[in-house]
Amino acid sequence: MSTTHTPTAEFELTPEDWQEVNVEHFFESPLFREASEKTRIVVGLLFVTLALFSLVSGSMLAALAFALSGPAVVAAVGPLQRSAQRESMRKLSQQGVSNGLFGPHRVEVREEGLFHATEAYESLIRWHAIEDVRERGGHFFIYTGPNAFLPVPVTAFKDSAHLRAFSDAFYERMARRLTGSSTS
């Protein structure tokens, strides 16, 4: 390995940060969007059915109440799911997710992969294991599976030059992986 500077990101991961990145991931996942849409459809159909049943039963007032309240309840499904997911993540972080997950983290772009270290563990994510990278909510989500990711906050970089050096090295090695090029 050459003696050139290894692009590094260093950051502190708090339970609150962990909660937020997991909630962000959850709401962007196709599974959540599909489940949320199905829930809205079922709730909407329930209110339409109740309104029709009330109308057939001769209760115009109840039919009108169900017809008018249905859209509001359907609109509340998303925020209620978000609130429940945030609470679930809060409880999970309080119970302890993984030894050494919270605290200082260091992520280095290396020739052989992305090195990730905390006070409790070290790991190397080989380039071929990285499936996707997305930026959301002030974090880079480096995915190694549909629900496995490493969050790297943008605040992990001292300035834009450090961010650029890290991202240039990261994407250059990812491009090499995709083209099958060897190291220079």
Side-chain angles (χ1 to χ4, degrees), residues 9 11-57 59-103 105 107 114 116 118 123 125-157 163 166-167 170-171 174 177-178:
F11 57 96
E12 186 85 13
L13 185 65
T14 65
E16 295 78 20
D17 294 334
W18 180 86
Q19 291 168 37
E20 284 307 309
V21 296
N22 277 282
V23 166
E24 184 72 28
H25 159 73
F26 182 76
F27 295 133
E28 291 296 320
S29 75
L31 289 175
F32 169 76
R33 284 183 287 192
E34 182 181 331
S36 186
E37 185 61 27
K38 285 179 181 178
T39 302
R40 282 194 295 275
I41 290 169
V42 168
V43 169
L45 289 174
L46 175 66
F47 273 80
V48 167
T49 303
L50 290 171
L52 289 172
F53 180 74
S54 297
L55 192 59
V56 169
S57 298
S59 178
M60 183 63 91
L61 186 59
L64 186 60
F66 284 121
L68 293 176
S69 63
V73 173
V74 168
V77 166
L80 289 172
Q81 288 174 319
R82 287 179 184 270
S83 177
Q85 185 62 23
R86 274 199 169 75
E87 180 61 16
S88 175
M89 289 294 118
R90 185 188 65 74
K91 286 179 181 176
L92 192 57
S93 71
Q94 286 177 339
Q95 292 172 357
V97 178
S98 174
N99 290 333
L101 177 65
F102 303 131
H105 286 248
V107 179
L114 202 59
H116 178 218
T118 70
S123 64
I125 304 168
R126 303 245 180 233
W127 294 113
H128 69 273
I130 298 174
E131 293 181 2
D132 195 13
V133 179
R134 296 186 193 137
E135 185 193 353
R136 290 191 305 273
H139 287 81
F140 293 102
F141 288 75
I142 302 169
Y143 285 91
T144 56
N147 292 305
F149 63 91
L150 170 63
V152 178
V154 172
T155 57
F157 306 97
L163 171 60
F166 185 91
S167 64
F170 178 88
Y171 286 113
M174 286 294 292
R177 172 200 73 148
L178 294 173

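What's counted below: heavy atoms across the whole structure, side chains too, no hydrogens, waters or symmetry copies. Quick caveat, the model's predicted, so the values are computed rather than measured. One-based numbering along the sequence shown.
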*Asks:* To the nearest 0.5 Å, tell me how far Ser93 OG sits from Gln19 CD.
*Replies:* 3.5 Å

*Asks:* Would Arg33 and Glu37 pass as an ion pair if we require N to O under 4.0 Å?
*Replies:* no

*Asks:* Looking at Asn22 and Trp18, would you say the former's side chain and the latter's main chain have a donor-acceptor pair under 3.5 Å?
*Replies:* yes

*Asks:* Distance check, rounded to the nearest 0.5 Å: Ile125 atom CD1 versus His116 atom NE2?
*Replies:* 7.5 Å

*Asks:* Between the main-chain N or O of Leu163 and the side-chain N or O of Ser167, is there a donor-acceptor pair closer than 3.5 Å?
*Replies:* yes

*Asks:* Just verifying a value: how many Å separate Ser59 OG and Phe53 CZ, rounded to the nearest 0.5 Å?
*Replies:* 10.0 Å

*Asks:* Flag this pair as yes if the NZ/CZ of Arg134 is under 6.0 angstrom from the six-membered ring centre of Phe140 and inside a 45 degree cone about the axis; otherwise no.
*Replies:* no

*Asks:* Any chance you could lay out the ring pair (Phe, Tyr, Trp, His ring centres under 6.0 Å) test for His25 and Phe141, step after step, and finish with the verdict?
*Replies:* CA-CA 8 Å; His25 159 73; Phe141 288 75; 7.0 Å; no

*Asks:* Using 0.5 Å steps for rounding, measure from the CD atom of Glu135 to the CD1 atom of Ile142.
*Replies:* 11.5 Å

*Asks:* Is there a side-chain contact between Val48 and Phe66, using heavy atoms and a 4.5 Å cut-off?
*Replies:* no

*Asks:* Can any side-chain N or O of Thr49 pair as donor or acceptor with the backbone N or O of Leu45 at less than 3.5 Å?
*Replies:* yes

*Asks:* Grab the two heavy atoms, one from Asp17 and one from Glu12, that are nearest each other, plus how far apart they are.
*Replies:* OD2-O, 3.5 Å

*Asks:* Compute whether any side-chain donor of one residue and acceptor of the other, for Ser36 and Gln81, lie under 3.5 angstrom apart.
*Replies:* yes

*Asks:* Measure the NE2-CZ distance between His105 and Phe11 for me, rounded to the nearest 0.5 Å.
*Replies:* 5.5 Å

*Asks:* Measuring from atom CG of Leu114 to atom CZ of Arg126, what distance do you get when rounded to the nearest 0.5 angstrom?
*Replies:* 12.0 Å

*Asks:* Report yes if the side chains of Ser69 and Phe47 come closer than 4.5 Å at any heavy-atom pair, otherwise no.
*Replies:* yes

*Asks:* Regarding Glu20 and Arg86, does a basic nitrogen lie under 4.0 Å from an acidic carboxylate oxygen?
*Replies:* yes

*Asks:* Check whether any side-chain heavy atom of Phe170 sits under 4.5 Å from a side-chain heavy atom of Ile130, and report yes or no.
*Replies:* yes

*Asks:* Does His139 reach the side chain of Val152, with side-chain heavy atoms less than 4.5 Å apart?
*Replies:* no

